[in-house]
**Student:** 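Here it is, the structure in full.
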Amino acid sequence: VVVLEARDRIGGRCWTDDTLDGRVFDLGAGWIHGVVGNPMAELARRFNVDLYQAPPETLIHDCRGRAITSDDD
């Protein structure tokens, strides 16, 4: 098995950084796509994180440039 990673760390969008004078802070996950059945959305709800629905006029595209509608989400 060969695993390719584009960053200098293993992992996805969410990670904890502790490089600032020993302070720990979380980065990433500024946007949760598809809140139904999404474990990140469930964690956000469990910890009482405010979730907001994107306004209907917001244009969202996938990695191929195709528009995503609310039906897709």
Side-chain angles (χ1 to χ4, degrees):
V1 174
V2 175
V3 177
L4 300 177
E5 180 60 59
R7 295 182 181 216
D8 60 352
R9 63 173 176 76
I10 297 173
R13 297 187 305 138
C14 305
W15 75 97
T16 301
D17 189 335
D18 62 356
T19 60
L20 185 62
D21 294 327
R23 296 184 179 111
V24 177
F25 55 98
D26 293 319
L27 300 168
W31 191 284
I32 299 175
H33 299 273
V35 296
V36 176
N38 185 322
M40 291 306 294
E42 179 55 36
L43 281 171
R45 287 187 200 96
R46 187 180 309 159
F47 291 100
N48 298 316
V49 173
D50 293 331
L51 297 175
Y52 301 94
Q53 186 171 0
E57 65 274 8
T58 302
L59 298 176
I60 303 170
H61 295 81
D62 67 12
C63 63
R64 293 185 179 94
R66 294 180 296 205
I68 297 174
T69 68
S70 60
D71 294 334
D72 299 322
D73 194 16

**Student:** Who are the side-chain hydrogen bond (donor to acceptor under 3.5 Å, both in side chains) partners of Asn38, not counting sequence neighbours?
**Tutor:** none
**Student:** Kindly write out the residues that satisfy side-chain hydrogen bond (donor to acceptor under 3.5 Å, both in side chains) with Thr58, not counting sequence neighbours, or none if the list is empty.
**Tutor:** none
**Student:** Are Leu20 and Leu27 in one and the same hydrophobic cluster, where Ile, Leu, Val, Met, Phe, Trp and Tyr link if side-chain heavy atoms are under 4.5 Å apart?
**Tutor:**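 Shared cluster, yes.
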**Student:** Determine all donor-acceptor pairs shorter than 3.5 Å in which one atom belongs to a side chain in residues 41-48; sequence neighbours excluded.
**Tutor:**
{"from": "Arg45", "atom 1": "NH2", "to": "Val35", "atom 2": "O", "distance (Å)": "3.4"}

**Student:** Given Phe25, which partner from the list Asp18, Thr16, Asp17 fulfils the side-chain contact (heavy atoms from CB on, under 4.5 Å) test?
**Tutor:**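 Among Asp18, Thr16, Asp17, the one that satisfies the side-chain contact (heavy atoms from CB on, under 4.5 Å) with Phe25 is Asp17.
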